[in-house]
Every structure is written in structure tokens, then in C-alpha cells.
**Student:** 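If you scroll down you'll find the structure; I have some questions about it.
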Protein chains: 2
Amino acid sequence: MTSVVDRFREVAEQLTPAEHQLIKQILASPRDVALGTASDLAQSIGVHEATASRLAKKLGYPNYAGFRAAIQEDFIVRTDPAARVRNTLRQGTEAGPLSDLIQQEVEALARLDQYVDDQSLLTAAQTLVAARRVFIFARGNAQALAVLMERRLRRMGRAVTQLGGDGRDIAEQGLGLGSGDALLGFAFRRQPTHYAPLFEHARKAGATTLVISGTVGPSLRPAADHLLFAPRAGGQDAFQTLTVPMAICNALVLAMAKIDPRVSLENLEKLGQLIEAFE
Amino acid sequence: MTSVVDRFREVAEQLTPAEHQLIKQILASPRDVALGTASDLAQSIGVHEATASRLAKKLGYPNYAGFRAAIQEDFIVRTDPAARVRNTLRQGTEAGPLSDLIQQEVEALARLDQYVDDQSLLTAAQTLVAARRVFIFARGNAQALAVLMERRLRRMGRAVTQLGGDGRDIAEQGLGLGSGDALLGFAFRRQPTHYAPLFEHARKAGATTLVISGTVGPSLRPAADHLLFAPRAGGQDAFQTLTVPMAICNALVLAMAKIDPRVSLENLEKLGQLIEAFE
DNA sequence: AGTATGTTGCAAATTAACTTGCATTGAGGT
DNA sequence: ACCTCAATGCAAGTTAATTTGCAACATACT
């Protein structure tokens, strides 16, 4: 039984722009889509309902109703009524901003396993473990994650290069990419400038590419060899945090530590403490 | 806005046997009813679909669609994080590394509000809002958070300086600290080298100090003027993530946006998107 | 420029879902 | 036993949702 998200991934290559938008919208507010009609979905992003209907078929469902049923199955949680009532009552106690934030983060984290599974994580980790050198590409807020990953990878004995600066800088630094290297990219709200040429180059140079991203993930062109994506906490136009993608990063590091014979998790942390004590 | 259950109660007296059965069924499996059609519901207990349609009217809804929408609103939880995690973990035979990680993070986040409250957050935010310049001090993995905060504060129009490099560098950069400035520090496993002299200097220079930290927080010497701390996910000697402190950072930024008249949250994000589109 | 290919909106056709008038049934009252 | 009336099913009618052929448009490739 293939999950909806899996199907998105499978056909991501063959999707049209309008279909990408649709999927993005579904990922962004699955509940509303699961409860609404094809027209609702189409209208919410301003395409024709026919396009929604066609997307359902393209994804392998017999019709839109079947597609919606699958979305419901995957995204609408089954809860026993008793637990639900308890939950609702608990929320009622005048939350406060911090609790709201925490709640959002927790919700987003809880949904993470809808989008990323252990297998794809493992595959991605293998890529990084096998890589001779790792190049990291991140813009905007994602740079915080780039810094994090750079440190962690360094500590595991990887040669790491951050690709930064303007287009020319990135181009120059990216020239080093070759077969046996890996390119790790981050992308959130939209496809970053310089993404396309950089990943194009990586592909031609024979480097493996890996992207960690938010809902844009599936619409990135060219697609990376490995994609790990999940929607972030907070609404589309609201304050969005890096909690979810950071969890992906952490999981990735854990997976690497597990399969890389050179480092055990304990050593990793001991070494980390040692380094921090001296630096 | 009356809830569905309330309406059941109100009209309970005037209901026919078939209608009673229907309501019983709705209460027994609200999810299925909320996602299904009038016929589905009717068939599930062996009455005619027309009866379901009539029940909706009797309960005061304009039609069955309106009735179902109300059921969805009341019973399909917008978000059900805790249950979701529990579910995932329960059903999985040997949950898998990703779920383990997620669960740890969620638990740690859930505990966060035992350590940090809205009031101290607000006070800390005021400090940063009022500061002329903000200096950031972070070592090790915390640098990822420093990068994050630097970007966010910059975007809010603050003058920000990262204190990096070796002892001498930090000393030189820290000399700029004066009255009206704020020093934001991060500390996790232990008190960082250079922490003591730097914060000592800040105090003498009349700068306000703020520390975001893990469990070491309370044992830092000298103590900062404001301390926000909470234990991180994972055991003491295990792999520890930055999720919890990052949540504190995010909450802090949110609090700042709320009290700083110069920035609204929306503007902040809009601006952010704009910047990212151009950079 | 011209052509082939693919994408999307439009609108008509189809299908599913829901509503309602009418007929049947059965319970309670005369 | 007969009548009345509410409850329910039936089926035709109505409305909403979905599908699909077609044309317009865009794009990439001669």
C-alpha cells in the first residue's frame, strides 16, 4: 500500500507546474484538502478543477474520490473519542504564546514521519558516508542548519565545504565537485537562486545530490538524487521555524553514525566534548 | 456556535428510533461519518439515506452537507500531535530510529514550559528590543543557533556582532561592549572557555547579559542578568540536539516582534521572503 | 517562422450525492 | 375493526461534483 507522499515522490519528475502547486497545497494543509472537494482545492491555488481531477489519475488513483480517500487515510488521524475529548479540554486552558509555539512544533514533528521514513533516511546517510567530500549549499535561514551539519560532518571526519557568497563564488567553489563527492542542499520557501545551475553541474560532474527541504522539495528542478522533505511548523505565511528540518538533519547524522564503521555514537559525543573543551 | 453534541442533546426527546440509531452511530465512529456520505451513514445501520438527510434538517442544519461540515469541525481534530506520536510508536513493531528521535524531541519540547515561562521570555525580549547593539557569544554546536539569531535580529534592524575566534579575538571584539548594549550567550554541556571573563567584562561595562542554555544554565559564573534554560532531548551522554534551545530562540524572537513597534510579525516574514528571493 | 508536443481552461456530459413528494407500514386511539 | 398519524422507504427530481473532449495557448525543437 503506497502512501500518498510516496506517490508524489514517484511521479515528481513528470508533473506539470499546476500539478506541483496542487501537491504543495495538499502538503501544506492536508486536512482541508482531505475534507474538501476537487474544486475547493483547485480554487485555493487558482487552477481549474479539471487539473485536480487529472492529477488524481496521474497519481494512479481511479478518480478524485479515490485520491481524496487516500489523503484522508494518510492524514486524518484515527483517534478514539475519549482521548479526543480529553485533548480538547486540556487545550482550553488559555495557552499563552510559548505554549502555542511548542504545540505547533510538536504537531509538525509528530507529522514528520508521514514524510520521511527510515529507509530513505538510511539511503541518504549512505550517500554521505560514502562521499569523499561533502559540499553544502544553503541560503537564508537554512544557513543555520548548514553550520550545524558542517560541524557534525567534520567531526565524523568528512571533508566539508560550504558553498556561499554570490553566484560567482558558488560557481568557483562548486567547480571542485566531482565523482565521489556529495552535494547537500537546503531549500525552504522557494527554489533558491543558483540552485538549478549548481545541481545541474553536480549531476554532470557525477556527484551525488541530496536535498533537505520543506514543501518545495518535490518541485525543485533539477531534482536531487535523494530528497528528504517535510512541511515546517506554522502556516504558509506565518513564522516558520527550522525545527522540523533540523530533526531531519539530526536523524540523518544518527543514521550515518550507525552505518559508518569509523565512528560510534559514543565516540562522536566524547570527541565533541573534547573538542569543545579545547576550542 | 452550538456543538453537534449539544444539538443532539437538545432534540433528543423528539427523535425517532431511526434517528437515534443514526446519532449513536455518529458518536461511535465520528471519523468515518465525517469523511463519508449520507448514504454511507445510513447504510452502516441499515436505514434509508433519506432519514439521514432529514435528521440533518431536524438538527437545524440547512442540509446534510452542513451537518457533515459541523461533524468535521467538531470531531476531526485540526491537529492531534500527541496521539499521532503515540499511534505511530504503538503500531510500529520496533518503532525505528526516526520515530525514537521524534519522540524524544517531542517529550523534551513538551517539558519546555516547565522551565521557561512567558514572563521571563518577555523580560528577556524587552532587553533585546531595548538594546542598541547585540553581541552574540556561542561556541561549538551552539554556533548554529548564533547564526540563526544573528539573521533574525539583523532582520529586525538590530546591529549584531558575533564574537568568535580565540580568546584574544573575543576579547578584542568584546571591548566594544558598553552601556545600552546586550550580550546574548549560549552554553550547553559546560561553561564555555572565555565565558567568565567576557561576562565579567559585560557586567562592568554596563551591558545587559542574557543566556540561553541547557542544564548548565544555573551554574554559570558569573550569572547572566537573564537566564533562559531547559534540558535538551536525549540523555546526558547521548546525542543531544538543539531543538529545545532553538524553540527558546524562536519564542524569544516572537516575543520581540510582539513588543517591538518597529516590526510586525507579518512584515518580518514578508521581508524575509523578499530578502531570500534576492540574495 | 513552423511544427510538434504538452498543458490548461472551458463547457458539456456524466456521475454521485442529496432532497422531497408520495406511498406504505405499523402503532395507538376510537 | 377502522381511523389517524408519524415514521420510513421508494423513486423521481434537484443540485453539486467530477470527468472528458476540445480548443487555445505556450514551449521547445526543427
Side-chain angles (χ1 to χ4, degrees), chain A residues 4 7-8 10-26 29-73 76 191 196-197 200 218-223, chain B residues 4 7-8 11-26 30-73 76:
Chain A
V4 176
R7 298 209 191 183
F8 289 165
E10 281 167 24
V11 298
E13 299 291 337
Q14 311 146 33
L15 292 180
T16 70
E19 289 168 339
H20 264 290
Q21 282 188 282
L22 285 172
I23 289 186
K24 213 169 143 187
Q25 179 66 13
I26 296 169
S29 44
R31 179 186 183 274
D32 294 338
V33 178
L35 297 179
T37 70
S39 314
D40 294 339
L41 169 58
Q43 275 190 7
S44 74
I45 59 164
V47 303
H48 200 273
E49 54 191 25
T51 307
S53 171
R54 290 178 182 126
L55 173 62
K57 299 246 168 93
K58 205 160 178 178
L59 289 170
Y61 299 96
N63 49 36
Y64 187 84
F67 181 33
R68 181 173 41 208
I71 297 176
Q72 293 173 346
E73 197 54 39
I76 305 284
Q191 174 159 331
E200 195 58 53
S219 16
L220 296 171
R221 284 296 110 82
Chain B
V4 176
R7 299 208 190 185
F8 289 165
V11 298
E13 302 295 329
Q14 313 147 34
L15 292 180
T16 71
E19 288 168 342
H20 264 292
Q21 282 189 281
L22 284 171
I23 289 185
K24 206 169 140 192
Q25 179 65 14
I26 295 169
R31 177 186 183 273
D32 294 338
V33 178
L35 298 179
T37 69
S39 314
D40 294 339
L41 169 59
Q43 276 190 7
S44 74
I45 58 164
V47 302
H48 199 273
E49 56 190 17
T51 308
S53 173
R54 289 176 183 127
L55 173 62
K57 297 250 170 87
K58 206 161 179 177
L59 289 170
Y61 299 96
N63 49 36
Y64 187 84
F67 180 34
R68 180 174 42 209
I71 297 177
Q72 292 174 346
E73 198 55 39
I76 303 285

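Computed from a predicted structure; not experimentally measured. Each chain gets a letter, A, B and so on, in the order the sequences are listed, and its residues count up from 1.
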**Student:** So, does K57(A) get its side chain near the phosphate of dT18(D), meaning an N or O under 4.0 Å from OP1 or OP2?
**Tutor:** no

**Student:** Quick one: Y64(B) OH to dA16(D) C1', roughly how many Å, whole number?
**Tutor:** 16 Å

**Student:** Between dC18(C), dT18(D), dT19(C), which nucleotide gets closest to the side-chain atoms of N63(B)?
**Tutor:** dT19(C)

**Student:** What's the CD-P distance between Q43(A) and dG9(C), to the nearest Å?
**Tutor:** 12 Å

**Student:** Say you draw a straight line from CG of L35(A) to CD1 of I76(A); how long is it, rounded to the nearest 0.5 Å?
**Tutor:** 4.5 Å

**Student:** At their closest point, which heavy atom of A18(B) faces which heavy atom of V47(B), and how far apart are they?
**Tutor:** CB-CG1, 4.2 Å

**Student:** For DNA chain D, whose closest nucleotide is more 5', that of E49(B) or that of P17(B)?
**Tutor:** P17(B)

**Student:** Taking only the side-chain nitrogens and oxygens of T16(A), find out if one of them lies under 4.0 Å from OP1 or OP2 of dT7(C).
**Tutor:** no

**Student:** dT7(C) C1' sits how many Å from L22(A) CG, rounded?
**Tutor:** 13 Å

**Student:** Identify whether any heavy atom of A50(A) sits under 4.0 Å from a base atom; if not, whether one sits that close to sugar-phosphate; answer base, sugar-phosphate or nothing.
**Tutor:** base

**Student:** Could you tell me the separation between the CG atom of D40(A) and the C1' atom of dA16(D), rounded to a whole number of Å?
**Tutor:** 11 Å

**Student:** Identify the two heavy atoms, one from A56(B) and one from Y64(B), that lie closest to each other, and give their separation to 0.1 Å.
**Tutor:** CB-CA, 3.8 Å

**Student:** Taking only the side-chain nitrogens and oxygens of T51(A), find out if one of them lies under 4.0 Å from OP1 or OP2 of dT8(C).
**Tutor:** no

**Student:** Rounded to whole angstroms, how far apart are NE2 on H48(A) and C1' on dC22(D)?
**Tutor:** 13 Å

**Student:** According to a strict under-4.0 Å criterion, is R68(A) in side-chain N/O contact with OP1 or OP2 of dA17(D)?
**Tutor:** no

**Student:** Give a yes/no answer on whether the side chain of R54(A) brings an N or O atom under 4.0 Å of OP1 or OP2 in dG9(C).
**Tutor:** no

**Student:** Using a cut-off of 4.0 Å on non-hydrogen atoms, how would the nucleic acid contact of E19(A) be classed: base, sugar-phosphate, or nothing?
**Tutor:** nothing

**Student:** Is the backbone of A38(B) close enough, under 3.5 Å, to the side chain of E49(B) for a donor and an acceptor to pair up by distance?
**Tutor:** no

**Student:** Taking CG from L55(B) and C1' from dT19(C), how many angstroms apart are they, rounded to a whole number?
**Tutor:** 14 Å

**Student:** Consider the side chain of A18(A), meaning its heavy atoms from C-beta on, and name the nucleotide among dT19(C), dT19(D), dT8(C) that approaches it most closely.
**Tutor:** dT8(C)

**Student:** Can you tell which of dA17(D), dC10(C), dT19(C) lies closest to the side chain of T37(A)?
**Tutor:** dA17(D)

**Student:** When you measure from the side chain of S39(A), which nucleotide among dT18(D), dC10(D), dT20(C) comes out closest?
**Tutor:** dT18(D)

**Student:** So do the side chains of I23(B) and L55(B) get within less than 4.5 Å of each other, counting heavy atoms only?
**Tutor:** yes

